[in-house]
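Sequential numbering from 1 along the given sequence is applied to the chain's residues.
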Amino acid sequence: MERLRRRTLAVLSGAVLAFGGLLSPAAASPTAHGDQPFCGQVWASLPEAQRTAARDLVVTDVRAGRHACFDRIVVDLRGPADRAPSYDVRYVDAVGELGSGHAVPLRGGAALRVLVGAPSYADAGRPTFLPADRTEAVQVAGFDTVEQVAWLGSFEGQTGLGVGTRARLPFRVFELLGEPGSEQAVRLVIDIGHRW
C-alpha cells in the first residue's frame, strides 16, 4: 500500500511540475520571429475588399508603424468623417502603376496590393498627397514584416500602394472614422502580422 502511495505521489508531482512548466512565462508567451510574442491573431491572407458609395474622400497621407505583433500601414483620407472608403487589399504576383500598368518591383518575398477608392488629388488635379520618392512612399527600414511601400499612383478615383512583405503573412484591414472637419477624418488601416 505504501508503495502504491509513493508511486501515486511521484506521478502527481511530475504532473504538477509539467503543468507548472506550461504556465511559466517562457512557455506562456512563445516566440517565432526573433523576440516577437505570439498575439493570438486569427487573421488570414485571403483578399479583403469593401465596396461603398463613399464620395468626396481624398488621400492626404500614408504612414507606417511598428508594433509588437504586426507592422501597420495607415492611409489618411480627408472628407466626410462618416464615410467609409472602398478598398481592395490582396496578395498578387506583381504590382503595376495605376493607369499605365508598368511593373513596379518590390523587395520581399510577397507583394500586397492596396487599392483605396479615393483619389490623391483635388478636383482641379492638384495633388493632395504625392510622395517625394515613389519607390519608397513610406520609410519602413527595420520593420519586421514590411520591406517596402511603393506608390502605384492615383487614377480614375483610385489610389494604389504596393507593399513588399517578408513573406505571405496574415493581414487585416479596417477603417477608423474620425470627427467631422478633421484633417484625418477617415483612416484605412492595414496590419500585417509578423508570423502565422
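In terms of the side-chain hydrogen bond (donor to acceptor under 3.5 Å, both in side chains) criterion, T145 has no residue partners (sequence neighbours excluded). Every salt bridge (charged side-chain N to carboxylate O under 4.0 Å, His left out) that R172 has, sequence neighbours left out, goes to D191.
F129 is not listed as a side-chain neighbour of D76, based on a closest heavy-atom distance of 4.5 Å or more. Here the side chains of I190 and L112 are in contact, with some heavy-atom distance below 4.5 Å. With contacts defined as side-chain heavy-atom distances shorter than 4.5 Å, the pair V75/T159 does not qualify. Contact annotation: the side chain of D71 approaches that of H194 to within less than 4.5 Å [non-hydrogen atoms, C-beta and beyond]. Counting only heavy atoms from C-beta outward, the side chains of Y87 and T52 never approach each other to under 4.5 Å. Residues W151 and L130 form a side-chain contact, since some pair of their non-hydrogen atoms from C-beta on lies under 4.5 Å apart. Counting heavy atoms from C-beta on, the side chains of V146 and R72 never come closer than 4.5 Å. In this structure, T165 and F143 have side chains that are not in contact, with every pair of non-hydrogen atoms separated by 4.5 Å or more.
Rounded to the nearest 0.5 Å, atoms CD (E175) and CD (Q50) are 4.5 Å apart. Within the model, atoms CD of Q148 and CD of Q139 stand 10.5 Å from one another, a figure rounded to the nearest 0.5 Å. For the atom pair L161 CG and L106 CG, the distance stands at 10.5 Å (nearest 0.5 Å). Atom CG of L46 and atom OH of Y91 lie 11.0 Å apart (nearest 0.5 Å). Interatomic distance, CZ of F70 versus SG of C39, reported as 8.0 Å (0.5 Å rounding). Interatomic distance, CD of Q41 versus CH2 of W196, reported as 10.0 Å (0.5 Å rounding).
In the hydrophobic clustering of ILVMFWY residues, with side-chain heavy atoms under 4.5 Å counting as a link, V116 and L152 come out apart. Under the 4.5 Å side-chain contact rule for hydrophobic residues, V62 and I192 share a cluster. Hydrophobic clustering (side-chain heavy atoms under 4.5 Å, transitive across Ile, Leu, Val, Met, Phe, Trp, Tyr) groups L77 together with V173. Linking Ile, Leu, Val, Met, Phe, Trp and Tyr residues whenever their side-chain heavy atoms come within less than 4.5 Å places V89 and V163 in a single cluster.
Looking at Y121, its side chain never comes within 3.5 Å of a backbone N or O of V59 through a donor-acceptor pair. Between the S86 side chain and the G117 main chain, no donor and acceptor come within less than 3.5 Å of each other. One N or O on the side chain of R107 and one on the backbone of E147 form a donor-acceptor pair closer than 3.5 Å.
Taking both residues in full, the closest heavy atoms of S154 and A118 are given as OG-O, 4.4 Å, listed atom of the first, atom of the second, then distance. Taking both residues in full, the closest heavy atoms of A150 and A137 are given as C-CB, 4.3 Å, listed atom of the first, atom of the second, then distance. Nearest approach of L57 to G79, heavy atoms of both residues: CD2-CA, 3.8 Å. Scanning all heavy atoms of the two residues, the minimum distance from V140 to A64 falls at CG1-CB, 3.9 Å. Nearest heavy-atom pair across E97 and S100 is OE1-OG, 3.0 Å. Scanning both residues, A103 and P105, for their nearest heavy atoms gives O-CD, 3.8 Å.
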Worksheet item: Could you walk me through whether L115 and L98 pass the side-chain contact (heavy atoms from CB on, under 4.5 Å) check?
Response: CA-CA 10 Å; L115 295 177; L98 298 187; 3.8 Å; yes
Could you check V138 against I73 for side-chain contact (heavy atoms from CB on, under 4.5 Å), going step by step and ending with a plain yes or no? CA-CA 9 Å; V138 180; I73 307 294; 5.6 Å; no
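A donor-acceptor pair shorter than 3.5 Å cannot be found between the side chains of T128 and T60.
Remark: R195 does not engage D144 in a salt bridge, criterion side-chain N to carboxylate O under 4.0 Å.
The 12-atom threshold is not exceeded at CG of D123, counting heavy atoms of other residues, nucleotides or ligands nearer than 6.0 Å.
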